[in-house]
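Beneath this line is the structure, given in structure tokens, with notes to follow.
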Amino acid sequence: MSEATAQPLTMAKAINAGLRRALENDTKTVLMGEDIGRLGGVFRVTDGLQKDFGERRVIDTPLAESSIVGAAIGMAMRGYRPVVEIQFDGFVYVAFDQIVSQLAKMHARSAGQVKVPITIRLPYGGGIGAVEHHSESPEAYFAHTAGLRVVTPSNPVDAFHLVQQAITSDDPVVFLEPKRRYWDKAEVDEGAAPALPMQSARVVRTGGDATLVSYGPMVRTCLEAAAAAEADGTSIEVVDLRSLAPLDVDTVAASVQRTGRCVVAHEASTFLGIAAEVAAAVTELCFFDLEAPVLRVGGFHAPYPPSRLENHYLPDLDRVLDAVDRTLAY
Amino acid sequence: MSEATAQPLTMAKAINAGLRRALENDTKTVLMGEDIGRLGGVFRVTDGLQKDFGERRVIDTPLAESSIVGAAIGMAMRGYRPVVEIQFDGFVYVAFDQIVSQLAKMHARSAGQVKVPITIRLPYGGGIGAVEHHSESPEAYFAHTAGLRVVTPSNPVDAFHLVQQAITSDDPVVFLEPKRRYWDKAEVDEGAAPALPMQSARVVRTGGDATLVSYGPMVRTCLEAAAAAEADGTSIEVVDLRSLAPLDVDTVAASVQRTGRCVVAHEASTFLGIAAEVAAAVTELCFFDLEAPVLRVGGFHAPYPPSRLENHYLPDLDRVLDAVDRTLAY
Amino acid sequence: MAIPTHAPDDTFVQLLTPEGERVDNADFPLEVSDDQMRALYRDLVLVRRVDAEATALQRQGELGLWAQLLGQEAAQVGAGRALLPGDMAFPTYREHGVAWCRDVDPLTLLGLFRGTTNGGWNPHDHGFALYTIVIGDQCPQAVGYAMGMQQDDADSAVMVFFGDGASSQGDVNESFIWASVFNAPVVFFCQNNQWAISEPLERQTRIPLFQRAWGFGFPGVRVDGNDVLACLAVSRQMLQRAREGAGPALVEAFTYRMGAHTTSDDPTRYRLDTDVEAWRLRDPLERVRSFLHKQQLVDDDYFAELDAEAEQLAERLRTGVRSLPDPGVDAMFEHAYAEPHSLVERQRDQYTRYLAGFAIEDAR
Amino acid sequence: MAIPTHAPDDTFVQLLTPEGERVDNADFPLEVSDDQMRALYRDLVLVRRVDAEATALQRQGELGLWAQLLGQEAAQVGAGRALLPGDMAFPTYREHGVAWCRDVDPLTLLGLFRGTTNGGWNPHDHGFALYTIVIGDQCPQAVGYAMGMQQDDADSAVMVFFGDGASSQGDVNESFIWASVFNAPVVFFCQNNQWAISEPLERQTRIPLFQRAWGFGFPGVRVDGNDVLACLAVSRQMLQRAREGAGPALVEAFTYRMGAHTTSDDPTRYRLDTDVEAWRLRDPLERVRSFLHKQQLVDDDYFAELDAEAEQLAERLRTGVRSLPDPGVDAMFEHAYAEPHSLVERQRDQYTRYLAGFAIEDAR
Ligand SMILES: Cc1ncc(C[n+]2csc(CCOP(=O)(O)OP(=O)(O)O)c2C)c(N)n1
Ligand SMILES: Cc1ncc(C[n+]2csc(CCOP(=O)(O)OP(=O)(O)O)c2C)c(N)n1
Ligand SMILES: [Mg+2]
Ligand SMILES: [Mg+2]
């Protein structure tokens with residue numbers, strides 16, 4: 001086992017460390033994907049792992065995402081615990097059928113006799129100035145799909161633990177990596193136990209005037225918004241969902257019951273986005289506590305624009321605060 | 001052009017009549033799909049069309065849904081207006097990438113220079129005692145996808161008009177056919193103009209105590225529920241959404257502003273289902289009108305069960321009324 | 001074995017003619033004992049009986065659907081009996097004959113088509129994966145399973161089944177690539193029954209399907225799919241070479257779907273009775289029966305006993321199907337996830353309470 | 001033309017050797033006038049210059065990314081110049097040389113990699129579809145377009161481009177099936193540059209890629225992808241037979257990606273400099289230059305003028321890229337749908353008001 005000492009790691013390196021742990025802890029863990037071997041992945045998240053664990057454990061695959069997931073299902077049936085990398089969000093749709101028809105349903109249809117403990121690692125979201133199909137936020141597709149779990153870290157510490165929790169889970173997990181936060185750094189204590197189970201949300205900042213709910217790449221934006229609001233005398237509580245399916249609505253509801261106001265922010269189109277579910281669920285749980293409707297801030301219902309426009313598409317601190325202002329004005 | 005006289009038609013036959021009109025009105029209209037020719041489709045929706053319009057207009061394709069949609073995109077670029085049949089809901093996922101990455105984005109990415117006026121016909125929903133993958137409700141996936149329109153008729157008259165409106169639309173449209181209602185009959189006047197534009201919802205029953213929102217296969221269930229409630233002295237207004245993307249939230253909101261209560265019902269998992277969006281949007285528009293949170297009735301967050309259990313999975317009259325009772329009790 | 005590069009369209013491996021004559025094939029020698037021959041015939045007869053009974057049960061409303069295998073018994077029994085216990089088979093929805101060979105109780109299959117389960121057997125116990133309905137999805141899975149065998153240094157192989165229609169799916173072709181690139185121990189067994197529902201073979205390919213393998217760098221063999229011996233011999237050899245590390249192969253079993261696509265289908269809309277009649281002369285059971293007769297390997301008692309056994313089996317299915325337990329409501333929630341799931345638990349609780357409400361009302 | 005069934009791995013169609021010697025190929029005769037030869041060389045030089053300039057502009061931060069074509073100029077110019085005005089090309093993201101031949105201003109391509117557009121040219125006007133980034137997605141579309149040509153009884157063909165890596169995608173293989181079954185007028189042009197980002201050819205196939213066609217029943221030809229004449233001759237012939245109704249063909253242009261996958265890539269992590277050096281000896285421009293020299297088709301002035309033209313072009317790109325207009329916010333809403341869309345309109349209104357609020361604040 002690796003030495004357990006706290007050290008500052010980027011999120012990319014924290015995931016790498018988590019994968020390394022998983023490979024060390026269970027010889028049945030295998031990594032599969034395009035360019036994950038010698039290259040270490042286009043974001044270097046798997047850097048060095050093929051060198052250390054060999055080509056049988058870290059498998060460079062043909063360029064065929066549907067079969068990457070399909071083959072992983074077969075390997076899982078054979079007793080392996082595959083961790084699949086899809087290179088970018090926009091390339092996961094090719095594998096959608098294997099994920100939705102096969103992976104998500106296998107446990108149910110076999111009445112629990114076939115487990116498919118597969119983790120699908122998926123860098124997602126915009127904000128890196130990329131070309132088309134490299135800035136998608138497909139989380140709602142997976143969260144809506146019964147049989148899948150969906151989690152996403154917002155920081156290196158959670159990334160380190162969540163990826164391992166995803167891998168050891170006996171359910172298929174879509175592990176969404178907020179690619180524009182890959183280079184965010186934090187102190188990661190590799191020896192520490194995870195502070196929370198995989199499916200729990202976390203209050204990352206306490207406050208009394210409104211609850212700001214987000215996940216993945218937008219958590220940092222929300223924390224910055226909360227800090228800015230504090231200067232204006234508004235106290236905002238920020239909840240990092242961490243798990244998108246299932247949603248830890250109790251943690252959100254507990255916060256909203258205190259603040260009476262709720263804003264949900266994400267990059268994806270708000271129309272049927274995670275914010276819609278949070279709004280519907282929170283309103284049901286907190287109907288008499290709410291001073292204002294749950295407001296949503298997110299992407300517009302248009303295909304992701306060319307990168308020179310993405311700063312308009314992606315909600316930023318100002319748009320988040322605008323929504324907070326609107327909810328406070330109710 | 002066909003003779004225009006009112007006659008009782010099943011929904012399957014009404015769609016057939018609509019397709020025939022579209023083939024007559026525009027020689028660029030072509031039908032593509034598996035078994036749609038000689039067989040007339042597994043539900044006979046395209047019955048007789050290949051015979052009358054020939055193999056160039058009604059094309060039996062290889063067994064490959066991704067290419068059915070992909071080839072349709074190519075034909076659309078060449079100036080055709082393809083109407084694609086995907087045989088069952090559960091087989092559309094194979095084509096998900098072509099739909100989401102290509103079809104939905106083509107107009108935006110070409111800055112309007114490439115139009116892809118494609119209609120994807122998709123029988124959907126449960127309740128017919130079918131085997132796996134034949135009872136899916138994938139509407140939220142498509143409704144969440146910017147660039148697509150999603151419509152679904154609940155009755156033969158709407159089916160006749162909506163399918164033609166979908167085909168003549170210059171946008172790609174996912175046309176969801178509620179397969180368990182294929183055999184429902186109504187008087188269809190083929191000569192009459194459509195009463196509503198494609199994207200409008202319709203109040204199909206007026207009432208004052210609560211608004212019941214649904215679409216496709218569940219509209220009939222909701223109407224039956226409303227009739228039953230009337231016997232108990234409860235007056236329910238029923239809204240048939242018809243268009244799921246965009247949603248005609250104004251029509252729903254206008255109703256809820258009168259009734260103060262809202263229940264949304266569909267077959268799909270409520271978690272991130274259409275009901276979540278309706279709840280979030282309606283709550284925002286009617287916050288001070290609502291006497292109770294918008295309640296959702298729908299499928300559970302589990303893969304569709306074997307057919308002997310589907311009566312438990314699908315919301316029925318009783319479950320809808322239970323939700324109405326709960327909202328009235330608030 | 002070199003990749004065959006020439007094969008006139010009408011040649012295939014045949015070891016037993018439609019008239020019941022045993023012929024030799026130098027590439028695919030096969031020794032079959034008399035006992036084995038009788039056992040194969042028994043398989044064929046019982047599998048056909050299961051199929052007939054299931055079809056009848058569907059007509060009587062006991063099943064929601066049935067996908068008939070009539071005409072494909074030899075292909076399935078030949079392939080199925082070539083599998084060894086350590087091997088793994090990945091079927092479509094029509095491999096009732098393979099299921100038989102893998103000791104899956106036909107009654108379990110009936111459950112699937114009755115709608116009491118979406119599976120019903122344990123794939124690990126039987127070396128037989130669950131049925132797959134989405135065309136082609138099983139193929140990449142089969143290759144992944146074979147890659148797992150490779151990693152385990154297991155002396156086993158995978159056989160994956162699919163149809164002529166399925167050969168057009170992207171996943172199937174991708175699986176050819178993976179099998180080839182990883183040299184995975186997998187045999188692709190394509191039952192070319194000439195139809196994909198109403199679409200004839202010409203809608204899927206313009207060359208014989210076994211030649212598809214040439215584009216991927218592994219052997220393709222066409223076999224008389226109505227000849228159980230040929231199917232056995234070719235499958236056995238291809239499986240063995242896969243086990244020995246020689247990589248994948250494609251077997252095209254050239255056969256015919258004598259029935260409808262499923263009990264929901266009406267083939268009179270799209271095909272000629274005369275075609276069906278022509279194929280009836282190549283019946284997979286008749287030729288074995290003729291052979292057994294001519295070789296005097298059996299007497300009339302044998303056939304009578306086998307008939308009785310078939311009748312007993314059918315009777316067991318008839319009574320069994322009616323007493324297949326409907327699944328409990330809990331099953332739906334229970335198996336959605338392997339580990340506790342807050343949303344599903346909440347929904348289960350709510351629904352349980354809701355149902356209990358009815359019970360209380362009923363009690364009043 | 002019969003489907004070739006034997007071809008040693010190292011043979012390909014070559015009409016101009018790396019040393020600049022013209023050789024004949026009986027199957028692919030080609031007449032090139034001196035003017036055409038000079039024009040081809042000009043294409044090659046200017047296309048390379050566009051590529052080099054774009055790479056430099058990316059380094060200077062003017063582009064977010066650039067996908068280099070270095071080494072693939074001959075394949076692209078050969079294919080591109082074989083296309084006729086009525087034909088349609090479906091590119092990947094690397095076909096800058098084909099774009100050049102289809103009169104797409106290279107500055108427009110820069111816009112795409114700068115992020116001012118996701119396309120920028122009108123496919124209908126240029127007979128050149130938009131770039132496709134999701135690997136393989138363009139292939140079924142190309143076949144569909146070709147089916148449309150067929151329905152129109154047009155005397156035209158489609159050429160669709162893809163890479164060695166792409167050959168593993170389901171959609172690409174499905175498109176082979178469709179093209180074959182419908183006998184569609186489409187030429188599959190695979191630039192086998194030996195790499196899919198970091199993955200070598202062996203990860204995608206164990207046989208030469210042109211042989212993939214054998215599995216689908218149409219001809220496959222391997223051509224020296226660094227030989228512009230060979231690429232022109234083979235493309236021209238395959239397009240012509242497609243136009244004449246003889247159906248699809250696969251052309252494998254055997255070449256090498258001399259640069260990184262894109263400007264984001266670091267090939268030193270996965271490949272040897274010596275490989276790159278070996279391929280440098282087969283440079284697609286040098287051989288034409290040698291030929292022109294040896295045949296005395298040009299004098300020094302020609303090269304000087306061409307250099308000047310290239311420099312001018314580069315200068316236009318340098319200044320042009322900086323003045324490429326950023327798209328207006330409205331563009332995002334404007335083109336999401338072809339027809340009015342209530343949600344998008346509502347969002348546009350809200351966002352416009354929101355932005356206006358800033359303007360008011362700023363004004364204060
Ligand atoms: C992806 C997908 N598309 C369509 C279907 C509907 N469907 C079920 S069976 C079938 C035909 C399959 O033909 P083939 O592969 O030849 O197998 P066969 O039924 O003849 O055994 C079709 C189109 C499906 N199950 N999955
Ligand atoms: C479906 C999909 N998967 C992954 C990628 C990421 N990706 C972009 S280019 C590339 C390699 C493509 O290789 P090849 O087809 O040989 O073309 P080349 O880049 O060599 O021209 C990959 C994996 C993608 N764009 N689309
Ligand atoms: Mg078939
Ligand atoms: Mg390449």
Side-chain angles (χ1 to χ4, degrees), chain A residues 65-66 90-101 104-109 132-133 136 138 140-141 143-147 245-247 264 268-281 283-288 290 292-296 299-306 330, chain B residues 65-66 90-101 104-109 132-133 136 138 140-141 143-147 245-247 264 268-281 283-288 290 292-296 299-306 330:
Chain A
E65 285 78 5
S66 185
F91 313 143
V92 74
Y93 307 126
V94 186
F96 203 69
D97 171 59
Q98 285 287 350
I99 296 173
V100 169
S101 297
K105 295 180 168 66
M106 194 62 88
H107 191 265
R109 63 199 294 267
E132 269 190 293
H133 308 289
E136 305 264 305
Y141 298 127
H144 181 55
T145 304
L247 274 174
V264 193
S269 169
T270 48
F271 188 81
L272 275 164
I274 300 291
E277 178 59 39
V278 173
T283 305
E284 205 174 326
L285 293 172
C286 310
F287 187 66
F288 295 112
L290 280 169
V294 177
L295 295 186
R296 298 179 276 167
F300 303 111
H301 203 64
Y304 200 87
Y330 249 84
Chain B
E65 285 79 5
S66 185
F91 313 142
V92 74
Y93 306 127
V94 186
F96 203 69
D97 171 60
Q98 286 286 350
I99 296 173
V100 168
S101 298
K105 295 180 168 67
M106 194 62 87
H107 191 265
R109 62 198 294 267
E132 268 190 293
H133 308 289
E136 305 264 305
Y141 298 128
H144 180 55
T145 304
L247 274 174
V264 193
S269 169
T270 49
F271 188 81
L272 275 164
I274 300 291
E277 178 60 39
V278 173
T283 306
E284 205 175 325
L285 293 172
C286 310
F287 187 66
F288 295 112
L290 281 169
V294 177
L295 295 185
R296 299 179 276 168
F300 303 111
H301 203 64
Y304 201 87
Y330 249 84

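What you are looking at is a predicted structure, and each value in this text was computed from that prediction instead of being measured. Just so it is clear: chains get the letters A, B, ... in the order the sequence lines come, proteins before strands, and each one is counted from 1. We use all heavy atoms of the structure for the numbers below, so side chains are in, but hydrogens, waters and symmetry mates are not.
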| remark: Closest heavy-atom pair, B:F271 versus A:A245, reported as atoms and distance to 0.1 Å, is CE2-CB, 4.1 Å
| remark: On a heavy-atom basis, the closest approach of A:T283 and A:V294 is OG1-CG2, 3.8 Å
| request: Over all heavy atoms of both residues, which pair between A:L272 and B:G273 is shortest? Give the atoms and the distance, please. | output: CD2-O, 3.2 Å
| field | Contact class of B:A275 relative to chain A, heavy atoms under 4.5 angstrom | value | neither
| request: Identify the two heavy atoms, one from B:S101 and one from A:Y93, that lie closest to each other, and give their separation to 0.1 Å. | output: OG-CD1, 3.4 Å
| Engaged part of B:E136 at the chain A interface, taking heavy atoms whose separation is under 4.5 Å | side chain
| said: Taking side chain as everything from C-beta outward and backbone as N, CA, C, O, which of these in B:A140 sits under 4.5 Å from a heavy atom of chain A? Side chain, backbone, both or neither. | reply: both
| request: Identify the two heavy atoms, one from B:A146 and one from A:H301, that lie closest to each other, and give their separation to 0.1 Å. | output: CB-C, 3.4 Å
| Heavy-atom pair with the smallest gap, counting every atom of B:E277 and B:L247 | CG-CD1, 3.6 Å
| Looking at B:A302, B:A108, B:G90, B:A276, which has the largest count of heavy-atom pairs under 4.5 Å with chain A? | B:A276
| query | Between B:G147, B:S269, B:C286, which residue shows the highest count of heavy-atom pairs closer than 4.5 Å to chain A? | reply | B:S269
| task | Working to the nearest 0.5 Å, report the span between CZ of B:F96 and CD1 of A:I99. | result | 10.0 Å
| message | Which atoms of B:L285 are under 4.5 Å from chain A, going by heavy atoms: the side chain, the backbone, both sets, or neither? | response | neither
| Under a 4.5 Å heavy-atom cut-off, does chain A meet the side chain of B:F288, its backbone, both or neither? | side chain
| task | Assign the ring pair B:H144 / A:Y141 to parallel, tilted or perpendicular, where the plane angle (0 to 90°) is split at 30° and 60°. | result | perpendicular
| Part of B:I274 lying under 4.5 Å from any heavy atom of chain A | both
| task | Flag the one option from A:A292, A:P305, A:P306 with the top tally of heavy-atom pairs under 4.5 Å to chain B. | result | A:A292
| query | Non-hydrogen atoms of chain A under 4.5 Å away: do they reach the side chain of B:V100, the backbone, both or neither? | reply | side chain
| field | Residue part contacting chain B, namely of A:A281, when any heavy atom lies under 4.5 Å | value | both
| query | Is it the backbone or the side chain of B:H133 that comes under 4.5 Å from a heavy atom of chain A, or both, or neither? | reply | side chain
| query | Of the backbone (N, CA, C, O) and the side chain (C-beta and beyond), which part of B:E65 lies under 4.5 Å from a heavy atom of chain A, both, or neither? | reply | neither
| query | Between B:T145 and chain A, which part of the residue has a heavy atom less than 4.5 Å away: side chain, backbone, both or neither? | reply | both
